[in-house]
Amino acid sequence: MPVVAVIGAQWGDEGKGRMVDMLSEKADFVVRFSGGDNAGHRVVNPHGEFRLRLTPSGIFYPRVVSVIGNGVVVNPAVLNQEVDGLNARGIDTSRLRISDRAHLIMPYHIVLEGLEEKALGSKAIGTTLKGIGPAFADKTARYGIRVGDLLDKAVFRARLVTVLEMKNKIIAGVYSQPPLSLDEIYRQYCAYADRWAPFICDTTALLAGAIEKDQNILLEGAQGVLLDPDFGTYPFGTSSSPTAAGACQGAGIAPARLSKVVGVFKAYQTRVGAGPMPTELNDEIAATLRERGKEYGTVSGRPRSCGWFDAVAARLSVRVNGFTSVAVTRLDILDTLPQLKICTGYKLAGKTVNDFPASVAVLAKCRPVYEEMPGWQKPTGDIRLFKDLPVNARKYVKRLEELIGCPASHISVGQRREQTIVRKPIF
Ligand code: IMO
Ligand code: MG
């Protein structure tokens with residue numbers, strides 16, 4: 001049963017897209033299962049450099065069927081733009097499939113999120129402002145409109161009339177802003193419907209068929225476990241589950257079918273948006289990580305907070321996902337540092353904290369306890385075997401494995417596909 005989930009194990013931007021692009025070589029299906037165009041998956045491959053937001057990172061392989069699963073929220077305007085961009089660069093997107101059960105991001109989601117974030121002022125979540133939260137809120141509140149609704153324009157219009165009336169009351173009544181036009185949205189979404197209808201299907205049936213034939217399926221995570229609505233730094237997180245459980249739900253694959261779960265960890269820690277990060281640095285080391293690692297938001301361009309690897313947070317990630325192995329990415333970014341630190345626990349009011357706290361107020365008061373290790377100060381980008389890594393780099397990876405209790409099957413030492421140390425293939 002070769003169904004492998006690739007899960008972001010930190011605060012997002014761990015290199016999931018990069019790993020999925022590389023692993024897709026042996027995949028038949030690559031499935032996005034959560035989030036929406038809040039994701040920014042930077043992929044560098046022989047076709048060039050890409051920043052994918054909705055399209056699964058398997059799209060570059062002509063053999064792979066790329067699926068946008070039921071757990072994703074889809075902004076068709078972004079999909080249009082992204083697919084046009086890929087086509088313009090010679091990438092064939094004819095094997096894209098979109099779940100009829102996926103929810104649509106509507107213009108009022110984006111408008112309302114902007115108004116809500118503004119109203120929160122200094123307490124804002126720092127979202128990507130793509131309408132993700134409001135779209136998932138509507139899904140749960142049962143006010144959502146689904147991709148499959150586009151297939152029958154009368155059904156779509158009737159649904160839009162009901163929902164837009166409610167939304168306009170909030171936009172005009174609560175926020176004193178101009179209401180949105182029904183006809184304009186209807187026309188716009190009818191055009192999306194015409195374009196995407198041939199790609200919309202019951203993707204759960206498609207994947208069930210693939211499982212029956214023992215084909216290789218990769219589930220491509222978006223965001224990271226520390227942004228999960230249950231386990232992340234609530235409310236400073238996202239609105240869908242980036243976890244292994246979320247992968248099954250968002251792809252429509254039974255949990256018992258999952259054969260492997262690979263957690264993707266950056267060799268250090270970053271975060272973008274509001275909310276605490278205990279190992280955040282504000283010194284020249286942070287600047288080095290940010291510049292060497294190009295640590296700026298793929299979607300928003302915001303500089304990311306940078307700091308040392310947090311093993312407390314990582315252990316929670318391992319616990320709730322049951323990683324069968326981990327991919328440690330961007331080890332090469334640490335190449336120049338003379339001394340490294342790993343956070344092994346937190347201190348709070350004189351006591352040691354070993355479990356990642358539920359409360360952000362508590363987390364904000366936690367001070368990291370560090371273990372120090374010497375750096376290796378040698379370039380690693382050309383190394384392909386674990387045994388060829390400098391001894392201190394091997395020690396660093398081994399220590400991470402010990403602290404999180406999970407073996408590293410993959411280590412990336414650069415952004416290109418081949419810059420990967422594969423210790424145990426996943427397919
Ligand atoms: P990838 O897939 C990093 C963060 C936002 C914000 C919070 C909520 O590239 O790893 P949202 O728009 O989802 O409601 O924003 O979540 N966030 C991400 N941070 N990587 C991502 O995706 C993210 N997607 C959302 O910055 O703090
Ligand atoms: Mg990203």
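When a ligand or atom number is given, it counts from 1 through the structure's own listing order.
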Short N or O distance, E14 and ligand 1, threshold 3.5 Å exclusive: no
Check each atom of ligand 1 against the heavy atoms of G12 and keep those under 4.0 Å away; list them by number with element. 3 (C), 10 (O), 20 (N)
Do R399 and T344 get their side chains close enough for a donor-acceptor pair, meaning under 3.5 Å? no
Within G40, is some N, O or S atom less than 2.8 Å away from the Mg ion (ligand 2)? yes
Ligand-side contact atoms (ligand 1) for residue partner A222, heavy atom cut-off under 4.0 Å: 2 (O)
Compute the minimum heavy-atom distance from K130 to ligand 1 and say whether it is under 4.0 Å. no
Centroid-to-centroid, F356 to F231, below 6.0 Å? no
R302 N/O under 3.5 Å from ligand 1 N/O: yes
R18 versus T420, side-chain donor and acceptor atoms under 3.5 Å: yes
List the closest protein heavy-atom neighbour of atom 13 (O) of ligand 1: residue, atom name, distance to the nearest 0.1 Å. T238 OG1, 2.6 Å
Going from CD on E82 to CD1 on I59, what distance comes out if it is rounded to the nearest 0.5 angstrom? 9.0 Å
Please tell me whether F60 and F50 form a close aromatic pair, meaning their ring centres lie under 6.0 Å apart. yes
Short version for H41: what comes under 4.0 Å of ligand 1, heavy atoms counted, is side chain
In this structure, atom 23 (C) of ligand 1 is nearest to the protein heavy atom Q223 CG, 3.7 Å
Should you measure from each heavy atom of V272, which atoms of ligand 1 turn up under 4.0 Å away? 3 (C), 19 (N), 26 (O), 27 (O)
Is G126 close enough to touch ligand 1? Criterion: a residue heavy atom under 4.0 Å from a ligand atom. yes
Please assess H109 against D138 for the test side-chain hydrogen bond (donor to acceptor under 3.5 Å, both in side chains), listing each intermediate value before the final yes or no. CA-CA 9 Å; H109 291 136; D138 274 2; 2.8 Å; yes
Closest protein heavy atom (residue, atom, distance) for atom 12 (O) of ligand 1: T128 OG1, 2.5 Å
Find all atoms of ligand 1 within a distance of less than 4.0 Å from any non-hydrogen atom belonging to K16, and give their numbers and elements. 1 (P), 2 (O), 10 (O)
Could R304 and E295 be called an ion pair, given the rule that one side-chain N must be under 4.0 Å from one carboxylate O? yes
Any side-chain donor near an acceptor of the partner, Y189 and E184, under 3.5 Å: no
Specify which N/O/S atom of D13 comes nearest to the Mg ion (ligand 2), by atom name. OD1
Donor on one side chain, acceptor on other, R101 and S99, under 3.5 Å: no
Only heavy atoms of W11, strictly under 4.0 Å: list the atoms of ligand 1 that pass. 3 (C), 19 (N)
Under 4.0 angstrom from ligand 1, any heavy atom of G40? yes
Identify the protein heavy atom lying closest to atom 3 (C) of ligand 1, giving its residue, its atom name and the separation to 0.1 Å. D13 OD2, 3.1 Å
Geometric class of the Y186/F156 ring pair [parallel <30°, tilted 30-60°, perpendicular >60°]: parallel
Regarding E113 and T127, is there a side-chain donor-to-acceptor distance under 3.5 Å anywhere? yes
Could you tell me whether T127 and ligand 1 have an N or O pair separated by under 3.5 Å? no
Under 4.0 Å between a side-chain nitrogen and a carboxylate oxygen: does that hold for D355 and R319? yes
List ligand 1 atoms under 4.0 Å from G237, heavy atoms only on the residue side. 7 (C), 8 (C)
Between L227 and ligand 1, find which residue part has any heavy-atom pair under 4.0 Å and reply side chain, backbone, both or neither. side chain
